Enquirer: 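A single structure is presented below for examination.
Just so it is clear, the values below take in all heavy atoms, side chains as well, and ignore hydrogens, waters and symmetry mates. Index from 1, following the sequence. Here the structure is a predicted model, which means the values were calculated and not measured.
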Amino acid sequence: MSEDPALAPLVEAARLAGMRFQGLVPASPDGHNRVICYRWRGNGPAFERAELVVDQSEVIAAALAVLDEPPRKDRTVDVLVCTHGRRDRCCGSLGIALASEISADRLASQGVRVWRTSHTGGHRFAPTVIVLPEGTAWAFCDRDLLSRIVRRDGPIGEVLARYRGCAGMASPAVQALERAVLGKVGWSLFDMARHGEDLGDDGAVLFVDEPGGAQLVFEATVRAETTPMPDCGVRVELATKTERQWVVEGLRRR
């Protein structure tokens, strides 16, 4: 999408604003389109959303205007399922199958909107989803996992292995640390304002504000390892590419 000349002003505006540009497959039966902007303010705990509903001819103008729209808070949950088949066939097959399945599920009656979206990254984890406003990314998603995420149901340890991190964190190292902290704190972490710092030399720290005003501080050694990155449907031992994988060691609370 970033190579489409018609979208050039929007691509540049998003770049200058430090935002990621995602395309959604329209899902409105009335022919209208939605332009949605999510912003992470300060420490969170979640993204704030601004949204405009427009005709197709107004999409680009609205997308530029929504950057200045005041955000609002409500209970709407947006689930973005990567279905970018031209980028990776696993996203195009597994992602589309998941999007179709959960779109017909009763999640839609619980204030959850399901969108097919352009490439989100990490296609070797397909199907991948982003859940907003929390801004959390999840791997190898299925209907059961998504239902548990939306409801925050069950022990967090049962789904932690498929958590890929929060987009509001400052760096991949801080994302990895936040994932480790989630395993200690549980689902309630997503309701707490938090931010982290990448300290370099393999270290990171995460500051978590509890509802009563106290602040929790976690730190750990975070280092990168090289791991095989197989293409869709290829056994890991046949992978010809590699990717960094973050390892958290020595998690401790100050």
Side-chain angles (χ1 to χ4, degrees), residues 1-4 6-7 11 14 19-29 31 33-36 38 56 59 76-151 153-154 158-167 172 175-176 179 226-246:
M1 293 183 64
S2 62
E3 298 174 359
D4 187 332
L7 298 177
V11 172
M19 293 183 173
R20 183 182 175 99
F21 181 43
Q22 290 290 137
L24 304 179
V25 175
S28 174
N33 292 271
R34 295 180 184 272
V35 178
I36 310 168
Y38 276 98
Q56 184 174 357
V59 166
T76 300
V77 175
D78 285 315
V79 175
L80 277 57
V81 183
C82 183
T83 57
H84 198 147
R86 289 186 62 186
R87 185 65 176 262
D88 185 85
R89 65 186 179 93
C90 274
C91 297
S93 57
L94 302 176
I96 289 176
L98 175 63
S100 299
E101 182 180 22
I102 60 180
S103 293
D105 202 0
R106 60 192 179 93
L107 286 173
S109 65
Q110 301 173 5
V112 178
R113 302 186 301 191
V114 179
W115 304 93
R116 290 174 51 190
T117 190
S118 56
H119 185 57
T120 59
H123 50 258
R124 69 187 178 96
F125 302 114
T128 62
V129 302
I130 298 173
V131 179
L132 292 159
E134 287 89 349
T136 56
W138 301 84
F140 307 118
C141 192
D142 54 30
R143 184 173 61 180
D144 177 67
L145 175 63
L146 183 59
S147 178
R148 295 183 67 173
I149 294 167
V150 171
R151 298 173 184 170
D153 181 37
E158 294 181 0
V159 301
L160 191 64
R162 290 192 275 178
Y163 179 50
R164 295 183 56 213
C166 174
Q175 285 182 323
R179 177 181 177 274
T226 300
T227 186
M229 187 179 71
D231 292 327
C232 178
V234 175
R235 298 198 309 273
V236 65
E237 61 268 21
L238 300 179
T240 59
K241 295 177 288 186
T242 60
E243 191 172 81
R244 287 191 300 176
Q245 176 172 285
W246 297 91

Enquirer: Does atom CD of Glu3 have more than 12 heavy-atom neighbours, drawn from other residues, nucleotides or ligands, at distances under 6.0 Å?
Expert: no

Enquirer: Say whether, by atom type as modelled, one donor and one acceptor occur between the side chain of Arg164 and the main chain of Ala139 under 3.5 angstrom.
Expert: no

Enquirer: For Thr128 and Thr120, run side-chain hydrogen bond (donor to acceptor under 3.5 Å, both in side chains): C-alpha distance rounded to whole Å, both residues' side-chain angles, the deciding distance at 0.1 Å, then the answer.
Expert: CA-CA 8 Å; Thr128 62; Thr120 59; 3.2 Å; yes

Enquirer: Distance check, rounded to the nearest 0.5 Å: Asp153 atom CG versus Leu145 atom CG?
Expert: 11.5 Å

Enquirer: Is it the case that the side chain of Ser147 and the backbone of Arg143 share a donor-acceptor pair, with hydrogens and angles ignored and the cut-off at 3.5 Å?
Expert: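 Between the backbone of Arg143 and the side chain of Ser147 there is no qualifying donor-acceptor contact (under 3.5 Å).
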
Enquirer: Under 3.5 Å, side chain of Gln175 to main-chain N/O of Cys166, donor-acceptor pair present?
Expert: yes

Enquirer: Do you know the tightest heavy-atom contact between Ala14 and Phe21?
Expert: CB-CB, 4.5 Å

Enquirer: So, taking the atom named OH in Tyr38 and the one named CD1 in Ile130, what distance separates them when rounded to the nearest 0.5 Å?
Expert: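 Those atoms lie 11.0 Å apart.
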
Enquirer: Quick one: closest heavy-atom pair of Pro230 and Pro228, and the distance?
Expert: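 Heavy atoms only, the tightest pair is CD-O, 3.5 Å.
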
Enquirer: Nearest 0.5 Å, please: how far is OG1 in Thr136 from CZ in Arg179?
Expert: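 Rounded to the nearest 0.5 Å, the CZ-OG1 separation comes to 13.0 Å.
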
Enquirer: Restricting to non-hydrogen atoms, name the atom on Thr117 and the atom on Gly23 that form the minimum distance, rounded to 0.1 Å.
Expert: OG1-O, 2.9 Å

Enquirer: Say you draw a straight line from CD of Glu134 to CD1 of Ile149; how long is it, rounded to the nearest 0.5 Å?
Expert: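 CD1 of Ile149 is found 9.5 Å from CD of Glu134.
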
Enquirer: Using 30° and 60° as the class boundaries, would you call the ring planes of Trp138 and Tyr163 parallel, tilted or perpendicular?
Expert: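 Correct class here is tilted.
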
Enquirer: With Leu98 as reference, evaluate Val114, Thr83, Val129, Val79 under the side-chain contact (heavy atoms from CB on, under 4.5 Å) test and give the passing residue.
Expert: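 Running side-chain contact (heavy atoms from CB on, under 4.5 Å) over Val114, Thr83, Val129, Val79 with Leu98 returns exactly one hit, Val129.
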
Enquirer: Might you point out which heavy atoms bring Trp246 and Ala176 nearest each other, and give the distance in Å?
Expert: CB-CB, 3.7 Å

Enquirer: Less than 4.5 Å apart, any side-chain heavy atom of Gln22 and any of Arg20?
Expert: yes

Enquirer: How long is the gap from OG on Ser100 to CZ on Arg116, to the nearest 0.5 Å?
Expert: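 It comes to 7.0 Å.
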
Enquirer: Output, in order, the C-alpha distance, side-chain angles, deciding distance and verdict of side chain to side chain contact (heavy atoms under 4.5 Å, CB included) for Glu101 and Val81.
Expert: CA-CA 11 Å; Glu101 182 180 22; Val81 183; over 6 Å; no

Enquirer: List the atom of His119, the atom of Cys82, and the distance in Å for their closest heavy-atom pair.
Expert: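 What the structure gives for the nearest pair is CA-SG, 3.7 Å.
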
Enquirer: Could you give the distance from CG (Leu94) to CZ (Phe125), rounded to the nearest 0.5 Å?
Expert: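 Result: 14.0 Å between the selected atoms.
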
Enquirer: Are Arg34 and Trp115 side-chain neighbours, meaning at least one heavy-atom pair lies under 4.5 Å?
Expert: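 In short, these two side chains touch, coming nearer than 4.5 Å.
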
Enquirer: Check the pair Arg113, Asp78 against side chain to side chain contact (heavy atoms under 4.5 Å, CB included), reporting the backbone distance first and the verdict last.
Expert: CA-CA 5 Å; Arg113 302 186 301 191; Asp78 285 315; 2.7 Å; yes

